[in-house]
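Single-structure report; data block below.
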Amino acid sequence: MTRIIILAITLLLALTGSAQVQVNDTMFLFLDSIYAELPEVMISGERPIVKAEEGKLIYDLPRLVNALPVDNAYDALKELPGVIEQNETLTLAGGGVNVIIDGKVSTLTQGQLTTLLKTIPVSQIQNAEVMYSAPARYQVRGPMINLVLKKGDGATTKLQGEVYSLWQQKHYEKLTERASLLYYSAKFSTDLLYSYTHGRTWFGIDKEALHTVNGTVYPMNLRDRTRSQGNTHNIHWGMDYSFTPQDVLSFVYTSEISNTHSHAKTSGTGVSSSRKKSDNYLHNFKLDYRTAFGLSTGAEFTFYKAPANQNLLSTLNDETVNARYEDEQRINNWRFYAIQEHSLKNNWGLNYGAHYTTAVDNSYQFYYDGETDIFDPDKSMKSRKKEYTINGFAGFNKTFGDKLSMDASLAAELYHTNIWDEWMFYPTLNLNYTPAPGHILQLAFSSDKTYPSYWEMNNSVSYMSAYTEIHGNPDLKPTQEYETSFTYILKGKYVLTAYFNHDKDYSVQTLYQRPDRLVEIYKTFNFDYRQQFGLRASIPLKIGNWLNTRLTLVGCQTREKDSDFWDTSFNRDKYSFIGVMNNTLTLSTKPDLRLNINGFYQSGAIQGIL
């Protein structure tokens, strides 16, 4: 719009004429009757929200959410085309997506990273870089979003802060108070974010089933209700010191401390009552140094501790469980890395590096009789596990003229535990083609391997009630994942994507009714494979200055196959549909009053034999 108006004024000068007066060597330009000569119809344009560069899509995220009631980075990322939130998890291209901040990877879990993103004000966001296949130099695999935060201009000293409060009302209330402080100068910058979340939650599920045990059919009708309350403290403190504009030393500290009290009750065919208290302590330290000649080195340490205790009393027919549990998981995780990047002639780029990660997990679960409080070693477990990962990679990027760019890499990785000791190779490719302004084509391919969590592999049994048990599985295998996608962006805002995923040894927690006992078991198993083919469309719509709408449509076919699931096998496929509509209505501009109405629909899906 700015360029068009400038052209109009320039043309007007040529038509109406002008007068020039020079005073003290200063030239002044006078316009005669410029306002009377303006046309009645003005042409306005709309800048594209996305551009392609070096194999990635760069979204102008602040402009994308400018008219939306968005206040933090997590909610802003949900507005990116193709991103869908499911159970407080962001998905892209039919699966999970890695979110990194300023190109820096963290050992934080998905839940911990989500909490951190919710503490970052949207005012600190510069843009978002989306890659459907993350190159090896980013130290993550699969789809990736790099959230780039604003930095000082180096010429001014600035101090700014923000105070925020949120009330959420679902079944119960949930409140969040947040404060942020940002300071930057020519060489030094620091930011401090703190949030406190507290309130109550409610969860309920009604279950009806027919359970056959040794030829006898038992009708099961259970009504579960869980109420909990707790609070969470989150702290994020970062510092950057610039020796030169290209030599930057960074330090980041992230902490999350929470405690939760819950009370679960079951009524119907079985009766149970469970009270649980759990605490979580997370401390993450990261030191990073980037040099002017393209070398990045760093170290990171994460400490995590989660103690809990539970009292359970449950009765089903003649079966009674009266127990007290004490459990804890404690993890120490170290990561070291070094990455070198070179900018070569003729728009070539070269990168290579290595990183090393090691972790120690100490976990236990102790079982005590509820009446006598006597320790039962047969129903208890204690484990200590060590693992390390060595990864080396090399990659390149190249820009061919103004229309074609690509980024490719290959990583080799050794993963070692007391169970696995194996090498894997991970190729990645991002190819962008811009046939005309506003039109972008992108092809992406990636591979990955996901290893089971520590808890899933413990040889333990947890009781939710006399009818429901959770079993660990020490025989779990890692999942090998292959993903490819083809994306077309029309007019810089309409996004159409076709994708295909194949996961060998896909693992998921499934429900199984024992044929010899009146017990249902939740246990994580490996299937032979899971594959999914899908089409996705993201369509924005704006009506005047009062309505902003984004419609996301996803259709996919999912197939899951397993040849040895307990005492049976299956090979199932199903077509599913997801529709998401986000609507923002501007009710008033003075004062600024907006209404956000969102809708989500998902048709039936499959999970194993269900």
Side-chain angles (χ1 to χ4, degrees), residues 84 86-87 89 91-97 110 132-133 141-143 207 209-212 413 415 417 419-420 422-428 444-453 455-459 468-486 497-516 519-536 554-578 602-610:
I84 298 176
Q86 293 180 281
N87 300 322
T89 299
T91 64
L92 178 65
V97 59
Q110 183 67 41
Y132 289 88
S133 175
R141 290 186 285 269
K207 184 184 302 182
L210 297 177
H211 192 154
T212 302
E413 183 175 273
Y415 180 74
T417 68
I419 301 175
W420 298 299
E422 53 190 12
W423 282 94
M424 281 292 296
F425 294 91
Y426 302 105
T428 65
F445 172 80
S446 67
S447 59
D448 195 4
K449 201 167 191 177
T450 301
Y451 292 87
S453 66
W455 255 151
E456 289 177 310
M457 296 195 61
N458 284 328
N459 189 18
T468 304
E469 299 176 359
I470 301 176
H471 289 211
N473 185 359
D475 298 323
L476 281 175
K477 295 182 290 185
T479 301
Q480 300 180 43
E481 304 166 357
Y482 303 92
E483 304 179 10
T484 186
S485 65
F486 180 75
T497 302
Y499 62 90
F500 177 77
N501 304 330
H502 182 87
D503 300 336
K504 184 178 181 295
D505 295 323
Y506 172 72
S507 64
V508 65
Q509 188 184 71
T510 59
L511 175 64
Y512 178 73
Q513 293 177 327
R514 290 287 298 263
D516 55 341
V519 169
E520 64 176 8
I521 295 175
Y522 287 92
K523 188 174 183 177
T524 301
F525 278 96
N526 289 112
F527 296 168
D528 292 348
Y529 68 83
R530 179 182 188 266
Q531 66 182 27
Q532 188 177 80
F533 170 76
L535 299 172
R536 183 181 64 249
V554 181
C556 64
Q557 184 211 37
T558 304
R559 178 180 294 275
E560 295 183 358
K561 179 181 181 298
D562 190 23
S563 55
D564 185 20
F565 179 75
W566 291 95
D567 53 357
T568 187
S569 63
F570 60 83
N571 185 355
R572 304 185 64 219
D573 68 280
K574 189 177 182 65
Y575 290 90
S576 302
F577 171 79
I578 296 176
Q602 180 175 0
S603 63
I606 61 173
Q607 185 185 56
I609 62 175
L610 301 177

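Below, each value reflects all heavy atoms present in this structure, side chains not excepted, and no hydrogens, waters or symmetry copies. Keep in mind that what you see is a predicted model, and the values were worked out from it rather than measured.
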Do R514 and Y512 have side chains that get closer than 4.5 Å, going by heavy atoms? yes
OG1/T212 to CG/D516 distance, rounded to the nearest 0.5 angstrom? 12.5 Å
Atom pair CZ (F527) and OG1 (T510), whose distance is rounded to the nearest 0.5 Å: 5.5 Å
Within a 6.0 Å radius of atom CZ on F577, are there more than 12 heavy atoms belonging to other residues, nucleotides or ligands? yes
Using modelled atom types and a 3.5 Å cut-off, is there a donor and acceptor pairing between side-chain atoms of N473 and backbone atoms of T524? yes
Write down the atom of S446, the atom of Y132, and the distance for their closest heavy-atom approach. OG-O, 4.3 Å
Tell me the closest heavy-atom pair linking Y426 and S447, and the distance in Å. CA-OG, 3.3 Å
What closest approach, in Å, do I606 and T558 show between heavy atoms, and which atom pair accounts for it? CD1-O, 3.8 Å
Within the side chain of S133, is there an N or O that forms a donor-acceptor pair under 3.5 Å with the backbone of F445? yes
How long is the span from the CE atom in M424 to the CG atom in D448, to the nearest 0.5 Å? 8.5 Å
Against D528, only a single residue in K561, K477, R559, K504 fulfils salt bridge (Lys or Arg N to Asp or Glu O under 4.0 Å); can you say which? K561
Considering non-hydrogen atoms only, spot the tightest contact between V554 and I84 and give its length. CG2-CD1, 3.7 Å
For the pair E520 and K207, evaluate salt bridge (Lys or Arg N to Asp or Glu O under 4.0 Å) and give the outcome as yes or no after the intermediate values. CA-CA 12 Å; E520 64 176 8; K207 184 184 302 182; 2.5 Å; yes
Roughly how far apart are I470 CD1 and K523 NZ, rounded to 0.5 Å? 13.0 Å
Can you tell me if S485 uses its side chain to pair, donor with acceptor, with the backbone of A498 under 3.5 Å? no
Check ring-ring contact (aromatic ring centres under 6.0 Å, His included) between W420 and all other residues, then give those that pass, not counting sequence neighbours. Y451
Can you give me the closest heavy-atom contact between M457 and P452, atom names plus distance? CG-CB, 3.7 Å
Rounded to the nearest 0.5 angstrom, the CD-CZ distance for E483 and F500 is 11.0 Å
Residues passing the salt bridge (charged side-chain N to carboxylate O under 4.0 Å, His left out) test with E456, sequence neighbours excluded, are none
Could you walk me through whether T479 and D503 pass the side chain to side chain donor-acceptor pair (under 3.5 Å) test, one step at a time? CA-CA 6 Å; T479 301; D503 300 336; over 6 Å; no
D505 backbone acceptor or donor facing N526 side chain under 3.5 Å: yes
For Y499 and Q532: C-alpha separation, side-chain torsions, deciding distance, then whether side chain to side chain contact (heavy atoms under 4.5 Å, CB included) applies. CA-CA 8 Å; Y499 62 90; Q532 188 177 80; 3.5 Å; yes
Apply side chain to side chain donor-acceptor pair (under 3.5 Å) to the pair R536 and T497, showing each step before the final yes or no. CA-CA 5 Å; R536 183 181 64 249; T497 302; 3.2 Å; yes
Sorted by chain and residue number, the ring-ring contact (aromatic ring centres under 6.0 Å, His included) partners of Y529 (sequence neighbours excluded) come out as H502
Note: E422 and P478 closest approach over all heavy atoms is OE2-CG, 3.7 Å
Measuring from S576:OG to I578:CD1, what's the distance to the nearest 0.5 Å? 7.5 Å
Sorted by chain and number, sequence neighbours left out, salt bridge (charged side-chain N to carboxylate O under 4.0 Å, His left out) with D475 holds for none
Residues that D562 engages under salt bridge (charged side-chain N to carboxylate O under 4.0 Å, His left out), provided they are two or more places apart: none
For F565, which residues count as a ring-ring contact (aromatic ring centres under 6.0 Å, His included) partner, sequence neighbours excluded? F525, F570
State plainly whether the residues R530 and E560 are in salt-bridge range, i.e. N to O under 4.0 Å. yes
I'd like to know if K449 pairs up with E413 as an ion pair, taking the criterion as any Lys NZ or Arg NE/NH1/NH2 lying under 4.0 Å from an Asp or Glu carboxylate oxygen. no
